[in-house]
Amino acid sequence: GRMNISHKPDQQAFVLALGNTQAVLQYSLLPASADGEGGVDFTRTYVPSEFRGQGYAEALVKHGLSWASQRGLKVQASCWYVRDFL
C-alpha cells in the first residue's frame, strides 16, 4: 500500500505511521548562505527494529529529498543513511 508520510514542521521531522509506532526522518533547517539559498541537514533516520529492511527508511528519505528540492534547499546529511542517497 501507499506509505502515508506526514510532515511535522514543528518537530522538523517526516513521520511514517506503522501501526502503533512510527518511522522518523529528522532534519534541521540551515540559515540562508550569502547566495541566498537556505539549506537542510537530514540528521537522523529511525525505523523500529521490527519494521527494518522493508523500505520505510528509503521512502522517508526520498520524500524528504523531494520536499527539499521543491523548496530549492541545499541538502546535506549528517545521517549516514541519507548520505547514501546524495
Side-chain angles (χ1 to χ4, degrees):
R2 194 181 146 310
M3 298 196 190
N4 191 14
I5 297 172
S6 52
H7 185 198
K8 313 230 161 154
D10 53 317
Q11 297 167 32
Q12 297 202 331
F14 291 94
V15 175
L16 172 56
L18 299 168
N20 57 1
T21 183
Q22 59 187 23
V24 182
L25 171 63
Q26 293 175 321
Y27 65 88
S28 52
L29 290 171
L30 307 168
S33 51
D35 60 13
E37 275 192 275
V40 59
D41 179 13
F42 290 102
T43 53
R44 179 169 175 259
T45 314
Y46 171 75
V47 178
S49 53
E50 68 269 30
F51 290 102
R52 283 182 194 152
Q54 296 175 44
Y56 294 119
E58 180 176 352
L60 277 167
V61 171
K62 289 186 166 163
H63 186 92
L65 292 176
S66 139
W67 165 83
S69 74
Q70 281 165 18
R71 277 154 192 75
L73 296 169
K74 280 195 179 130
V75 173
Q76 64 187 57
S78 49
C79 171
W80 64 268
Y81 183 85
V82 180
R83 218 172 288 139
D84 284 348
F85 289 86
L86 301 184

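Note that this is a predicted model, so its numbers are computed, not measured.
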message: What I'd like to find out is whether the side chain of Leu18 reaches to under 4.5 Å of the side chain of Tyr56, using heavy atoms alone.
response: yes
- request: Would you confirm whether Tyr27, through its side chain, and Arg44, through its main-chain N or O, come within 3.5 Å as a donor-acceptor pair?
  value: no
- prompt: What about Tyr81 and Val24, same hydrophobic cluster or not, with Ile/Leu/Val/Met/Phe/Trp/Tyr joined at side-chain heavy-atom distances under 4.5 Å?
  reply: no
- prompt: Between Val61 and Asp84, is any pair of side-chain heavy atoms under 4.5 Å apart?
  reply: no
- request: Inspect the surroundings of CG in Asn20 and state if more than 12 heavy atoms from other residues, nucleotides or ligands are less than 6.0 Å away.
  value: no
task: Go through His7 and Trp67 one step at a time and tell me if the side-chain contact (heavy atoms from CB on, under 4.5 Å) criterion holds.
output: CA-CA 10 Å; His7 185 198; Trp67 165 83; 3.4 Å; yes
field: Check: Ser69 side chain, Ser66 main-chain N or O, donor-acceptor pair, under 3.5 Å
entry: yes
field: Heavy-atom side-chain proximity of Leu30 to Gln76 below 4.5 angstrom
entry: yes
message: Please check: side-chain N/O of Thr45 versus main-chain N/O of Ala57, any donor-acceptor pairing under 3.5 Å?
response: no
- request: State, yes or no, whether a side-chain contact exists between Cys79 and Thr43 at a heavy-atom distance under 4.5 Å.
  value: no
query: Checking Asp41 side chain against Leu29 main chain: does a donor-acceptor pair fall under 3.5 Å?
result: no
field: Any Ile5 side-chain heavy atom under 4.5 Å of Val15 side chain
entry: no
query: Between Leu25 and Tyr46, does a side-chain contact (heavy atoms from CB on, under 4.5 Å) hold up when you go through it step by step?
result: CA-CA 6 Å; Leu25 171 63; Tyr46 171 75; over 6 Å; no
query: Looking at Gln12 and Ser28, what are the two nearest heavy atoms and their distance?
result: OE1-CA, 3.2 Å
- request: With rounding to the nearest 0.5 Å, note down the distance linking CD in Gln54 to CE in Met3.
  value: 8.5 Å
- prompt: Is the closest side-chain heavy-atom distance between Phe85 and Lys62 below 4.5 Å?
  reply: yes
